[in-house]
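Residue numbering restarts at 1 for every chain, and letters A, B, ... go by the order of the sequence lines. Computed from heavy atoms alone, side chains included, the values below leave out hydrogens, waters and symmetry copies.
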There are 2 protein chains.
Amino acid sequence: MSVQSDSTPLKPVKVALTPQERFNDYLQSRRMRNTEQRRAVLDCVFKHHDHFDADQLLERLPSKGKSGYVSRPTVYRTLGEFVDAGLLRKFVLDGRSVYEHDYGYPQHDHLYCSKCEKLIEFQSEALIKLRDEVAATHQFQVRTHRLIISGVCEDCRKGRVRVRRKVDLI
Amino acid sequence: MSVQSDSTPLKPVKVALTPQERFNDYLQSRRMRNTEQRRAVLDCVFKHHDHFDADQLLERLPSKGKSGYVSRPTVYRTLGEFVDAGLLRKFVLDGRSVYEHDYGYPQHDHLYCSKCEKLIEFQSEALIKLRDEVAATHQFQVRTHRLIISGVCEDCRKGRVRVRRKVDLI
DNA sequence: TTGAATGCAAAGGATTTGCAGAGGC
DNA sequence: GCCTCTGCAAATCCTTTGCATTCAA
């Protein structure tokens, strides 16, 4: 049900502001309020660099009844704001929306293991070049792209399976 | 709500059997039955080369009450069989499952216009090579990949907008 | 005849929305 | 105090499932 991340994260990009500072700017520019819930979700999201969906985020936040609880609708609303603010990127994997850090991390793509559901990040300058060439051929103005290569990761091929999951997306 | 296709389809690949023949083989090999509904859906799907979702297919089939009607659950079930049989490929766009011809057409990727929701197909040998190189670096066994480049198409940039739609996926 | 396929209605799962009360600014 | 935000419950959207009936082989 959840999404795994591999252990070789990308090198962070240098940024002037913390995600918190950047989000504050975003809020102020739109007359939106700096609420306890937004702060809680933002801190949770940027605590570690990985991929996650709404459910995983909810599990990491205080559960219902406890102090600091954030409701499911608010989590969804807030994630949308983070995407808007350029803090997160969102994509769809196996029917669920998956989020990853955008602010502070370079553009990249993914290898997706359909056995253990692990996402492995990679950067390729050649891919960007290829993408822009194809687009130019079609007089197409690129906004972004998403490449997912699916198959079986090294660990799973070698039998070192960490988790077994129902899968099959793309 | 629907998916548009551009007017420059890929060159078909030479194949020994018609989709119908190939599907019959598939059915027989699994002791499945050649029903009127399956024939109707298959004919409808291969009538023209484009991208479509379940709703669009239902619109193209005889509507409820008329002869030749196929129910929504059967359409979904049948599309799944076509994917299984290697006749169609399925991907997710903006929350809906979109299908395209696989049998008889070469592997390709898409430019997606977020203004008019048009999908433009393209082939790139270089992309396959790049994909396999990246995978090799990670000892990753490739099964397939999906690249969607989103942005604005030529027509929309020039103001020749055909349809206006709510969008934003990737 | 006999098991597979269909249509109906209803369930499912992820995400979104209306609204009344809570709370930033 | 005003207006945004939140949590709740319920709605939505797309897709799948249970089941009695129909039908291909």
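- When each of B/T74 and B/R31 is assigned the nucleotide of DNA chain C bearing its nearest heavy atom, the one mapping closer to the 5' terminus is B/R31.
- Contacts between residues 64-71 of chain B and DNA chain D, defined by a heavy-atom separation below 4.0 Å, involve no residue at all.
- In this structure, A/Y105 has its ring center closer than 6.0 angstrom to the ring center of A/H49.
- Separating the CG atom of B/L61 from the P atom of C/dT6 is a distance of 13 Å, rounded to the nearest angstrom.
- When side chains are defined from C-beta on, B/T74 does not count as touching B/R38, because their heavy atoms never get closer than 4.5 Å.
- B/H51 and B/H108 have perpendicular rings, their planes meeting at more than 60° on a 0 to 90° scale where under 30° would count as parallel.
- Looking only at distances, no side-chain donor or acceptor of A/R89 sits under 3.5 Å from a matching main-chain atom of A/H101.
- For the pair B/R38 and C/dA5, the criterion of a side-chain N or O lying under 4.0 Å from OP1 or OP2 is met.
- In this view, B/F23 and B/Y26, B/F82 satisfy the ring-ring contact (aromatic ring centres under 6.0 Å, His included) rule, not counting sequence neighbours.
- The CG atom of B/D109 lies 9.0 Å from the CZ atom of B/R131; values are rounded to the nearest 0.5 Å.
- Atom CD of A/E21 is surrounded by more than 12 heavy atoms from other residues, nucleotides or ligands within 6.0 Å.
- Side chain of B/R146 to backbone of A/R146: no donor-acceptor contact under 3.5 angstrom is found.
- In this structure, the side chain of A/R60 does not engage the main chain of A/C44 through any donor-acceptor pair within 3.5 Å.
- End-to-end axis angle for the helix from C/dT1-D/dA25 to C/dC25-D/dG1, using five pairs per end and rounding to 10°, comes out at 30°.
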Inset, instruction - Spell out protein contact along nucleotides 16-25 of chain C as letters: B when the base is contacted, S when just the sugar-phosphate is, - when no protein heavy atom is under 4.0 Å; keep the 5' to 3' order. - result: BBB----BBS
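- The CG atom of A/L87 lies 5.0 Å from the CZ atom of A/F46; values are rounded to the nearest 0.5 Å.
- Within residues 18-29 of chain B, no residue has a heavy atom under 4.0 Å from DNA chain D.
- Residues passing the salt bridge (Lys or Arg N to Asp or Glu O under 4.0 Å) test with A/R72 are A/D55, sequence neighbours excluded.
- Within a 6.0 Å sphere centred on CD of B/E36, other residues, nucleotides and ligands contribute 12 heavy atoms or fewer.
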Legend entry - Residue pair B/Q20, B/D43: steps toward the side chain to side chain donor-acceptor pair (under 3.5 Å) verdict: CA-CA 8 Å; B/Q20 285 77 6; B/D43 289 348; 2.9 Å; yes
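- Atom-to-atom, CZ of B/F91 to C1' of D/dT15 comes out at 18 Å; the value is rounded to the nearest Å.
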